[in-house]
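Here's the structure we're looking at; comments come further down.
Per chain, numbering begins at 1; letters A, B, ... match sequence-line order. No hydrogens, no waters, no symmetry mates; every other heavy atom, side chains included, goes into these values.
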Amino acid sequence: MVADTAPSGAMSRVYALSDGNSFYASCERVFDPSLIDRPVVVLSNNDGCVVARTPEAKAMGVPMGAPWFEIRESYLRAGGLVRSSNYALYGDMSRRVNAIYDQYADEVEVYSIDESFLDLTLAPAPEQHARQMRETVLRWTGIPTCVGLGPTRVLAKAANHLAKKRPEFDGVCDLSDPERRMTLLASMEVADVWGVGRALSARLAANGVHTAADLAALQPKSARQILTVMGERIVLELQGVHCSALEVTAPARKGVAVTRSFGRPVSTLAEMEQAVRTHAVRAGEKLRRHGRAAPQIVVFYFTSRHRDGPQRSVSGVETFPVATSDSLALSAAAGRLARRLWKPGYLYTKAGVMLDGLISPTDAALDLWHQPDPRRGELMRAMDAVNQRFGRHALAPAGVTYQRPWGLKQDMRSPRWTTCLAEVPIAKA
DNA sequence: TCTGGGGTCCTAGGACCC
DNA sequence: TCTGGGGTCCTAGGACCC
């Protein structure tokens, strides 16, 4: 039996999932018309692998996640175009798109840089409403989107998947109607259901579950046996039973990590120390932006499995007397850990700083012997304000430099068209 | 030369306690 | 003769997501 509303007569809702098509690549196209109708890929940090592809690049057979060094030659030879990722641009475009969603929906949950859940329950004709919204987003920002509609978030996600894959939907798919829903879910592989990855779909296949409709037809109890509570929730939501609401206000951060591959391998302690101290300062900025404090810091670094030579992977932790978001304290601790863990004779390729178990600074355990210096808070606020005004690298603690030979590769980054005054486009008469 | 970065949630199992 | 059992807390690791 298929339940179509939440129990006890609760009002059934209409959720939408709207996302930008090939979002990063679409952002690049908005400001560079020479990319229109051409194959374009956008690369991950460090120009490592492909993270976004225009339909033309997909048609050339470039797989998602393809290592750039592997496809580079043949891709460029075939006329493909490429950009390093430009997060300043994508983040700003995302903000603009969400500002439009806000005008069309009662509530918006920003789920990721290119996806938002919308509550369209009060819209008289949700599908029409979604089509109008889609047109407005395209006209005002230049970003093409697809929208999926359904009574639960899992169904809205599934509908969005169908809207993207099936041109006949023209960018909007509605799974509100139970009969139509079962027909369409039967055409969808179970691995394409939100929350079902490689491991779970293998487990499901062993139980004869191959399509999204098969999964929706399971008894929630058997789903729980096969997939634990997550699976039970997915099945209920596929059946139209509302289990998860929108998270309109972002929940407090639990962890923060800053990790980077090096532009080239690092073999000296001086460089390693500088790298992790720089990561720690960035982590401190994130902590303060989210209003959190870290009780401890973890530093790690390792060599690459993809390289010959001796391998080494280490990590160490230092606990603070009082949870902190002070960049100077974080950086000093990171430096100590880097030294403590150091062993020469290796080509290290990646290092990172992780802060977990974050708390609110006001909950930081008060310690009679370790009273935080109030001037440190002032200093951090001043530093953040200066960097906000004059750019991220304007002011940094000693021992942290942004002239890093070990830093990122991003040789093909487009200008920060919308967020950096020196790089805004100039219209010619 | 060369394979991203940053999150969340859940579970199993060990430590510890009474 | 005979050597408990149940609860809680924490952590590591797996799985998933974009």
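As judged by a 4.0 angstrom heavy-atom cut-off over every strand, A:Arg198 is placed among residues touching the sugar-phosphate backbone only. The residue A:Val193 sits close only to the backbone: its heavy atoms come under 4.0 Å of sugar-phosphate atoms, none of a base. A:Gly352 comes within 4.0 angstrom of nothing in the nucleic acid, heavy atoms only. Here A:Asp114 lies in heavy-atom contact (under 4.0 Å) with sugar-phosphate atoms only. Within 4.0 Å of A:Arg72, counting heavy atoms only, lies no atom of the nucleic acid at all.
For A:Lys254, whose side chain is taken as the heavy atoms from C-beta onward, the closest listed nucleotide among B:dC9, C:dC18, B:dG5 is B:dC9. Set against B:dG4, C:dC18, B:dT8, the side chain of A:Ser112 has C:dC18 as its closest nucleotide. Closest approach to the A:Thr259 side chain among B:dG5, B:dT3, B:dG4 is made by B:dG5 (side chain taken as heavy atoms from C-beta onward). With B:dG6, C:dC18, C:dC16 as the candidates, the nucleotide lying closest to the side chain of A:Val258 is B:dG6. With distances taken from any side-chain atom of A:Arg260 to the nucleotides B:dT3, B:dG7, B:dG5, the minimum falls on B:dG5. Side-chain atoms of A:Val229 lie closest to B:dC10 of the nucleotides C:dC18, B:dC10, C:dC16. Among the nucleotides B:dG7, B:dG5, B:dC10, the one closest to the side chain of A:Ala257 is B:dG7. For A:Tyr87, counting side-chain heavy atoms from C-beta on, the closest listed nucleotide (B:dC9, B:dT11, B:dG4) is B:dG4. Taking only side-chain atoms of A:Trp194, from C-beta outward, the nucleotide of B:dC10, C:dC17, B:dG5 with the closest atom is C:dC17.
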Do A:Ser325 and A:Leu358 pass the side chain to side chain contact (heavy atoms under 4.5 Å, CB included) test, and can you show the C-alpha distance, the side-chain angles, and the key distance before you say yes or no?
CA-CA 10 Å; A:Ser325 64; A:Leu358 305 186; over 6 Å; no
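Rounded to a whole Å, the CZ atom of A:Arg282 is 12 Å from the C1' atom of B:dG5. Here the C1' atom of nucleotide B:dT11 and the CD atom of A:Glu232 are 16 Å apart, to the nearest Å. What separates CG of A:Asn45 from P of B:dG5 is a distance of 6 Å, to the nearest Å. The distance between atom CD of A:Gln311 and atom P of B:dT3, rounded to the nearest whole Å, is 12 Å. One interatomic measurement links the two molecules: NE2 of A:His306 to P of B:dG4, which rounds to 6 Å at whole-angstrom precision. Protein atom CD of A:Glu247 is 10 Å distant from nucleotide atom C1' of B:dT8, rounded to whole Å. Per the geometry, CG belonging to A:Leu200 stands 20 Å off P belonging to B:dT8, to the nearest Å.
Expressed to the nearest 0.5 Å, how far CD of A:Glu107 lies from CD of A:Glu247 amounts to 12.0 Å. A distance of 11.5 Å separates CZ in A:Arg29 from CZ in A:Arg83, rounded to the nearest 0.5 Å.
Both A:Phe69 and A:Pro251 lie near DNA chain B, and the one whose nearest nucleotide falls closer to the 5' end is A:Phe69. Checking A:Arg233 against A:Cys49, the closest nucleotide of DNA chain B that is more toward the 5' end is the one next to A:Cys49.
In this structure, A:Arg153 forms no cation-pi arrangement with A:Tyr15, as its terminal cationic atom is not both closer than 6.0 Å to the ring centre and no more than 45° off the ring axis.
Taking the P atoms as reference points, B:dT3 lies 25 Å from C:dC17, given to the whole Å.
Put simply, the side chain of A:Phe262 does not reach to within 4.5 Å of the side chain of A:Lys350, judged on heavy atoms.
Ring geometry, A:Trp342 versus A:Tyr301: the interplanar angle falls from 30° to 60°, so the pair is classed tilted.
For B:dC18, the paired base is C:dG5 (Watson-Crick or G-U wobble, both distances below 3.5 Å).
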